[in-house]
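So the structure is just underneath, and the comments pick up after that.
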There are 2 protein chains.
Amino acid sequence: MKKNITIKEIAKQAGTSVSTVSRVLNNNPSVSPAKRAKIQAIIDQNHFQPSMLARGMVSHKTNTLAVVVSDINNPYFTDLISQIEQNARPAGYTLLLINTMTAGTGQDASDVQVEIEAFKRIMEAKVDGVLILGGEIDKEVVAERYISALNTLNSKAPVVVIGQKVAGCDALFVERDQKRSVTLITQHLLALGHRQIGFVGGEPGVRITSQRLAAFKATMQTYSEIDESLIVLNNYYPQSGYDAMAQILATHKQLPEALVAINDRVAEGIFRCLADHGLQAPQDIAVGSCDNFPYGDFLIPRITTVDQHNEVLGRIALHYLFQLIDHKQLEQTETTHLPELIIRESCGAKLPKEGKQ
Amino acid sequence: MKKNITIKEIAKQAGTSVSTVSRVLNNNPSVSPAKRAKIQAIIDQNHFQPSMLARGMVSHKTNTLAVVVSDINNPYFTDLISQIEQNARPAGYTLLLINTMTAGTGQDASDVQVEIEAFKRIMEAKVDGVLILGGEIDKEVVAERYISALNTLNSKAPVVVIGQKVAGCDALFVERDQKRSVTLITQHLLALGHRQIGFVGGEPGVRITSQRLAAFKATMQTYSEIDESLIVLNNYYPQSGYDAMAQILATHKQLPEALVAINDRVAEGIFRCLADHGLQAPQDIAVGSCDNFPYGDFLIPRITTVDQHNEVLGRIALHYLFQLIDHKQLEQTETTHLPELIIRESCGAKLPKEGKQ
DNA sequence: TTGTAAGCGTTATCAT
DNA sequence: ATGATAACGCTTACAA
């Protein structure tokens with residue numbers, strides 16, 4: 001940033017002291033209308049904006065929040081960022097975004113390093129609070145040094161994580177109810193009469209995967225039986241769904257009755273693979289999913305999925321973060337809405353009279 | 001941010017002066033190994049990170065870049081942000097993200113206000129450079145006060161805009177070749193023998209829309225005729241494509257031979273609408289598109305579109321921004337790769353022997 | 001090699 | 001209502 005005009009210079013031009021300039025900047029009433037006008041004019045003329053750096057130095061506040069994401073191309077994260085921004089801005093905060101791109105790389109060691117370095121950068125920036133939306137923290141086994149780095153960070157500025165609680169982590173966690181979501185879609189499929197149901201997608205070793213798979217298995221155990229050959233884990237993307245479906249097709253003489261995809265993207269891959277084999281959901285196989293990504297009702301077929309109401313998640317996380325920043329007692333806020341089944345076409349359920357278009 | 005340990009405190013604990021501490025922080029060789037070790041130990045022990053605020057005050061550098069987007073849920077923007085981050089990080093920069101969410105709201109007046117306020121916030125933050133990825137700057141008629149605000153911003157820190165040059169704007173512009181892209185897909189359709197071709201999607205009053213539409217019309221004029229009733233503008237989303245297709249279906253006895261969608265999202269809406277009428281591309285109508293959004297080869301049908309190689313766009317913009325920051329003479333970099341036609345299924349062209357996947 | 005001190009642009013405290 | 005001045009945490013001459 002080029003050298004800006006400073007309040008000192010403004011004071012000089014206005015023939016007053018810096019304190020008076022500072023006062024008009026901060027709407028302090030103790031300034032005579034005349035001086036105020038004169039100073040304001042110089043300010044406007046020069047498009048002067050007070051330096052947050054200098055302000056931050058004395059106030060120990062930067063009005064900046066750090067947001068750490070592991071994959072900004074994932075709609076789940078952008079949704080979250082969007083909400084966070086929408087709620088942070090009116091409160092006067094700006095976001096420092098760190099996109100580590102560590103999701104689904106399989107490069108565990110270096111990924112951890114990237115995230116830890118992000119923490120360092122955040123500490124340097126003296127942000128007022130930190131939001132962590134995913135990454136290493138979602139792993140089944142979180143690296144010790146990561147936890148330690150996170151705790152260090154949390155000792156400098158309050159940290160809120162959107163994810164499942166990790167033992168030994170001092171940060172505040174805001175959790176989604178993964179179990180209930182998968183149970184919902186699995187029961188839907190079971191209720192439609194399907195018994196032979198598979199589970200597709202998700203990276204092994206990541207807790208979202210294991211929790212969702214566990215919920216799937218638990219539900220299946222109650223009503224039917226688990227067929228391990230119909231469980232194919234790999235990742236969270238369309239290609240994952242495509243590959244998994246292809247594998248099931250290749251290894252089974254007959255199609256299973258139904259499939260639970262770990263998310264809508266994976267389901268999309270399943271649809272594509274089915275189409276390539278002259279098959280489709282729900283006619284040949286029912287496919288249910290989770291996450292209700294944007295535009296799910298434009299897919300072919302329209303996807304039946306579970307809406308976890310992530311739109312409140314960002315708001316809740318921010319609510320807690322603000323309380324931590326203000327050193328308030330943590331007070332309960334609206335809790336995440338319960339996950340909600342969105343019945344569309346892909347599972348073959350009868351649709352309510354007026355289908356959403 | 002809670003009160004941190006400072007170099008002063010470290011100096012005290014180490015029994016040296018602040019300058020010596022500063023020296024080890026900056027890898028200045030003029031420090032005795034003994035002192036260095038002692039100081040480093042205290043630094044590590046306390047997880048000390050030097051304050052960028054204080055550093056920025058003296059160096060007039062914050063190692064921060066502001067990025068302004070109008071819709072972070074748009075894959076075009078997230079792609080860009082992703083690349084920018086990937087290239088900025090190694091250079092030591094962190095991103096201050098401003099997501100104005102002003103895309104496609106139709107709220108012109110207040111949208112401009114939001115963007116102008118973003119500029120103010122950026123000026124306060126004393127960032128080293130600014131990247132603007134869309135928003136008001138894309139409008140057919142850019143508000144005067146916006147241009148003026150942008151110029152003010154540009155006078156404080158270098159600004160690079162990814163978009164078409166706007167008269168009166170001092171910022172540096174990095175442009176995409178919209179004309180060539182649309183010409184490419186339109187010619188493809190024409191070459192396949194189609195003559196009656198429509199154009200669907202895009203917000204009127206936005207330059208991307210008018211430029212693409214103009215290129216479409218110019219190409220059509222050369223080879224065939226323009227049928228205005230087959231031109232339906234509205235917006236950039238699946239619903240836009242759906243609505244436009246529905247309108248064409250409702251107002252025409254016969255399907256046109258082909259359609260150019262303004263982007264892949266809009267095409268997706270077209271596909272869905274066709275399916276709802278028992279129709280599909282390319283059998284009943286050829287549909288070509290632009291932008292090559294992620295996962296286009298998982299759509300049903302796989303979409304034929306134009307890849308504008310946006311992956312180099314962020315890098316180019318950053319390249320220029322760095323030069324501006326360093327007050328270098330602007331030197332030409334790799335120019336955007338020429339747009340490339342991606343032939344998949346939706347236009348009905350014969351596929352090369354080895355189709356992807 | 002090491003320390004002293006000025007300065008970066010604000011706010012805040014204290015006089016006046 | 002206004003103005004000096006210290007303080008915020010760091011870098012950087014300059015001195016020693």
Side-chain angles (χ1 to χ4, degrees), chain A residues 1-40 42-43 46-64 123-128 156-157, chain B residues 1-40 42-43 46-64 120-121 123-128 156-157:
Chain A
M1 165 97 27
K2 291 151 203 170
K3 253 188 105 143
N4 216 336
I5 186 174
T6 69
I7 58 170
K8 199 173 181 179
E9 177 65 19
I10 294 177
K12 201 163 105 187
Q13 287 189 32
T16 69
S17 72
V18 291
S19 343
T20 306
V21 178
S22 178
R23 284 187 187 101
V24 350
L25 247 25
N26 296 287
N27 293 312
N28 184 320
S30 303
V31 180
S32 76
K35 291 219 171 206
R36 179 182 301 275
K38 184 159 189 180
I39 291 172
Q40 190 60 53
I42 301 178
I43 287 175
N46 295 281
H47 305 290
F48 169 81
Q49 291 294 140
S51 162
M52 286 301 305
L53 300 183
R55 282 189 158 170
M57 288 221 48
V58 6
S59 68
H60 292 283
K61 252 233 160 213
T62 51
N63 290 301
T64 305
M123 282 161 58
E124 286 179 351
K126 307 297 169 194
V127 299
D128 298 328
K156 312 267 183 175
Chain B
M1 167 91 33
K2 289 151 205 168
K3 253 188 104 138
N4 216 336
I5 187 175
T6 69
I7 59 169
K8 198 174 184 177
E9 177 66 19
I10 294 177
K12 202 164 105 187
Q13 288 188 31
T16 69
S17 72
V18 290
S19 12
T20 307
V21 177
S22 177
R23 284 186 189 102
V24 350
L25 246 26
N26 297 288
N27 294 310
N28 183 320
S30 302
V31 181
S32 75
K35 288 220 175 207
R36 180 183 300 276
K38 185 159 188 180
I39 291 171
Q40 190 61 53
I42 302 177
I43 288 175
N46 295 280
H47 305 289
F48 169 82
Q49 291 294 140
S51 161
M52 286 301 305
L53 301 183
R55 283 190 157 169
M57 287 221 50
V58 5
S59 67
H60 291 284
K61 253 237 161 210
T62 51
N63 291 301
T64 305
K120 287 205 186 123
R121 184 64 184 79
M123 281 160 57
E124 287 180 350
K126 308 297 169 196
V127 299
D128 298 328
K156 313 267 182 176

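Chain letters run A, B, ... following the sequence lines, proteins first and then strands; every chain starts at 1. Only heavy atoms go into these numbers, but all of them, side chains included; no hydrogens, no water, no symmetry mates.
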Problem set entry | Whether A:Lys156 side chain and B:His47 backbone form a donor-acceptor pair below 3.5 Å | yes
Problem set entry | Verdict with supporting geometry, B:Ile42 and B:Val21, side-chain contact (heavy atoms from CB on, under 4.5 Å) | CA-CA 10 Å; B:Ile42 302 177; B:Val21 177; over 6 Å; no
Exercise. Could you give the CG-to-P distance, from B:Asn28 to C:dT2, as a whole number of Å?
Worked result: 11 Å
Problem set entry | Reported OG1-to-NZ distance for the pair A:Thr64 and A:Lys126, which is rounded to 0.5 angstrom | 13.0 Å
For this session: Round to the nearest Å and state the distance from B:Lys61 atom NZ to D:dG9 atom P.
Result: 24 Å
For this session: For A:Glu124 and D:dT11, give me the distance from atom CD to atom P, rounded to whole Å.
Result: 10 Å
Exercise. For nucleotides 10-16 of chain C, read 5' to 3', which letter fits each nucleotide if B means a protein heavy atom sits under 4.0 Å from the base, S means only the sugar-phosphate is that close, and - means neither?
Worked result: BBB----
Would you tabulate the side-chain donor-acceptor contacts of residues 50-59 of chain A under 3.5 Å, counting partners in other chains and residues two or more places apart, or write 'none'?
from	atom 1	to	atom 2	distance (Å)
A:Ser51	OG	A:Leu53	N	3.1
A:Ser51	OG	A:Ala54	N	3.1
A:Ser59	OG	A:Arg55	O	2.8
A:Ser59	OG	A:Lys61	N	3.2
A:Ser59	OG	A:Lys61	O	3.4

For this session: Mind calculating the distance between CG (A:Leu53) and C1' (C:dG7) to the nearest angstrom?
Result: 15 Å
Exercise. Nearest 0.5 Å, what's the CD1-OG distance between B:Ile39 and B:Ser22?
Worked result: 10.0 Å
Seminar exercise, completed: Tightest non-hydrogen contact, residues A:Phe48 and A:Ile7, listed as CZ-CG2, 3.6 Å
Problem set entry | Whole-Å gap separating P (C:dG9) and CE (A:Met57) | 12 Å
Problem set entry | Phosphate contact (D:dG3 OP1 or OP2) by A:Thr20 side-chain N/O below 4.0 Å | yes
Exercise. Taking only residues two or more places apart in sequence, or in another chain, which ones meet A:Arg23 in a side-chain contact (heavy atoms from CB on, under 4.5 Å)?
Worked result: A:Ser19, A:Thr20, A:Asn28, A:Val31
Problem set entry | Distance in angstrom units between B:Met52 CE and C:dC8 P, rounded | 19 Å
For this session: First locate atom CD of A:Gln49, then atom CG of A:Leu25, and finally report the distance between them rounded to the nearest 0.5 Å.
Result: 9.0 Å
Exercise. Looking at B:Asp128 and B:Asn63, what are the two nearest heavy atoms and their distance?
Worked result: OD2-N, 2.5 Å
For this session: Kindly state which residues belonging to residues 30-39 of chain A come within less than 4.0 angstrom of DNA chain D, counting heavy atoms of the residue only, listed by number.
Result: A:Ser30, A:Val31, A:Ser32, A:Lys35
For this session: Enter the inter-axis angle for the ends of the helix from C:dT1-D:dA16 to C:dT16-D:dA1 (five pairs per end, rounded to 10°).
Result: 40°
Mind listing the side-chain donor-acceptor pairs of residues 8-16 of chain A below 3.5 Å, one per line with the distance, residues two or more places apart or on another chain?
from	atom 1	to	atom 2	distance (Å)
A:Glu9	OE2	A:Gln13	NE2	3.4

